[in-house]
Amino acid sequence: MAQSTAKYNFLYESPTGQLSVCIDEGSITKIIWLDQAILATTETSPSKLINKKLKRKIISVLDDYFESGLIEPEISLRPQGTLFQKKVWQALKRIPSGAVKTYGDVAKELHSSSRAVGQACRRNNIPLFIPCHRVVAAKGLGGFMGGYRHVERKRWLLQHEGIL
DNA sequence: TATATATTGTTGT
DNA sequence: ACAACAATATATA
């Protein structure tokens, strides 16, 4: 059958905590750690509308990632953002597993500034698939998920990928 | 070495 | 128009 057009989400238990994965028309639109969000009940639809094939695929990709540290970005993503943000996120997806860039590096690539890149990173809706955790400050780790409060998670991910 | 200030591009109000 | 920011380079002691 054609892909479900329903907007729905499901939960995934990861070593870093419970993730909520939101999907709309066959694409991932948002991933958040549950303690971040007040929730997504409005985005949940009855299970009969769920495209089970897509769901299984996403779960298997996440399983692989938390197993090996390698992410397989063959899943359709639909982030919403400005043109500049999309350019940044596009650049992030080109960072291979096991590598990191600084905000300054990415900025140079886009002829922008490090601070602007940070702004774009913080508004990334799809962590893991868009590897915003692979962008660090020139000295130190930089922030994660909007502030400095969740750098633990960032450190965990980088450690998991063999950096640090 | 450490701390302060200047400069920076993009975004939200 | 303006203030805020997941930064960084430069000055100052």
Side-chain angles (χ1 to χ4, degrees), chain A residues 7 9-25 27-43 58 61-164:
Chain A
K7 185 189 282 188
N9 70 351
F10 66 90
L11 301 182
Y12 177 88
E13 296 288 343
S14 91
T16 62
Q18 210 171 28
L19 296 174
S20 166
V21 180
C22 302
I23 299 165
D24 188 11
E25 301 190 15
S27 299
I28 299 177
T29 55
K30 196 193 223 176
I31 296 181
I32 46 187
W33 276 274
L34 268 240
D35 49 277
Q36 299 302 300
I38 319 293
L39 232 13
T41 49
T42 56
E43 304 192 28
I58 293 171
V61 170
L62 287 172
D63 283 343
D64 286 348
Y65 176 71
F66 285 111
E67 185 78 22
S68 68
L70 299 177
I71 194 94
E72 214 191 311
E74 3 173 310
I75 291 193
S76 166
L77 306 178
R78 188 142 49 79
Q80 43 189 348
T82 64
L83 186 78
F84 176 74
Q85 285 165 359
K86 284 176 193 160
K87 280 207 270 186
V88 172
W89 299 336
Q90 201 56 30
L92 298 195
K93 283 198 289 187
R94 286 197 295 269
I95 305 178
S97 266
V100 292
K101 280 187 178 180
T102 65
Y103 295 98
D105 287 340
V106 180
K108 192 179 174 187
E109 216 174 288
L110 301 180
H111 307 101
S112 179
S113 82
S114 33
R115 225 137 178 229
V117 171
Q119 289 288 23
C121 290
R122 92 183 278 224
R123 288 176 167 86
N124 172 23
N125 284 318
I126 316 182
L128 306 178
F129 288 90
I130 297 177
C132 50
H133 57 278
R134 295 192 191 129
V135 187
V136 300
K139 211 173 172 186
L141 263 192
F144 197 53
M145 296 306 291
Y148 292 89
R149 189 177 154 183
H150 302 97
V151 288
E152 295 296 328
R153 215 98 76 170
K154 186 171 184 174
R155 182 176 292 112
W156 191 98
L157 294 170
L158 291 175
Q159 229 166 324
H160 184 58
E161 297 184 8
I163 310 158
L164 301 178

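Each chain gets a letter, A, B and so on, in the order its sequence line appears, and its residues count up from 1.
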Contact list for DNA chain C against residues 85-100 of chain A - heavy-atom distance below 4.0 Å: none
Can you find a heavy atom in the side chain of A/K93 that is under 4.5 Å from one in the side chain of A/L77? yes
Can you find a heavy atom in the side chain of A/F129 that is under 4.5 Å from one in the side chain of A/L92?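 They are not in side-chain contact.
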Nearest to side-chain heavy atoms of A/C132, which nucleotide of B/dG9, C/dA6, B/dG12: C/dA6
Taking the minimum atom-to-atom distance to the side chain of A/R115, which one of B/dT10, B/dT8, C/dA6 wins?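 So the side chain of A/R115 is nearest to B/dT8.
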Strictly distance-based, threshold 3.5 Å: is any side-chain N or O of A/D64 a donor or acceptor partner for the main-chain N or O of A/E72? no
Look at the side chain of A/S97 and the backbone N and O of A/G69, then say whether any donor-acceptor pair between them is shorter than 3.5 Å.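 Checking the backbone N and O of A/G69 against the side chain of A/S97, a donor-acceptor pair under 3.5 Å is found.
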Rounded distance (Å) that lies between atom [atom2] of [N] and atom [atom1] of [X]:
X	N	atom1	atom2	answer
A/H111	B/dT10	NE2	P	12 Å
A/F84	B/dG9	CZ	P	10 Å
A/N124	C/dA6	CG	P	14 Å
A/L83	B/dT11	CG	C1'	14 Å
A/K154	C/dA7	NZ	C1'	11 Å

Does any donor atom in the side chain of A/R115 or A/Q119 lie under 3.5 Å from an acceptor atom in the other side chain?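 Note: A/R115 and A/Q119 side chains miss the donor-acceptor criterion.
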Candidates A/R153, A/K154, A/E161 - the one meeting side chain to side chain donor-acceptor pair (under 3.5 Å) with A/H133: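 Per the side chain to side chain donor-acceptor pair (under 3.5 Å) rule, the option paired with A/H133 is A/E161, out of A/R153, A/K154, A/E161.
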Are OP1 or OP2 of C/dA7 and a side-chain N or O of A/Y148 less than 4.0 angstrom apart?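 Answer yes for this pair, as a side-chain N or O of A/Y148 is under 4.0 Å from OP1 or OP2.
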Please work out the stems of DNA chain B from pairs that are Watson-Crick or G-U wobble with both distances under 3.5 Å, keeping only runs of three or more consecutive pairs. B:1-7 with C:7-13, B:9-13 with C:1-5
How would nucleotides 8-13 of chain C be written as a contact map, 5' to 3', with B for base contact, S for sugar-phosphate-only contact and - for no contact, using protein heavy atoms under 4.0 Å? S-----
A/E109, CD: over 12 other non-hydrogen atoms inside 6.0 angstrom: yes
Rounded to the nearest 0.5 Å, how far apart are CD1 of A/I23 and CD1 of A/I58?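 Result: 3.5 Å between the selected atoms.
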Least distance between heavy atoms, A/L19 atom then A/L34 atom: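 In terms of heavy atoms, the two residues are closest at C-CD2, 4.4 Å.
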Just say parallel, tilted or perpendicular for the rings of A/F66 and A/Y12, cut-offs at 30° and 60°.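 Plane angle under 30°, so parallel.
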So, under a plain 3.5 Å distance rule, would you say the side chain of A/R122 forms a donor-acceptor pair with the base of C/dA6?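 Absent.
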For the side chain to side chain contact (heavy atoms under 4.5 Å, CB included) test, which of A/V61, A/I75, A/N125 pairs with A/I28? A/I75
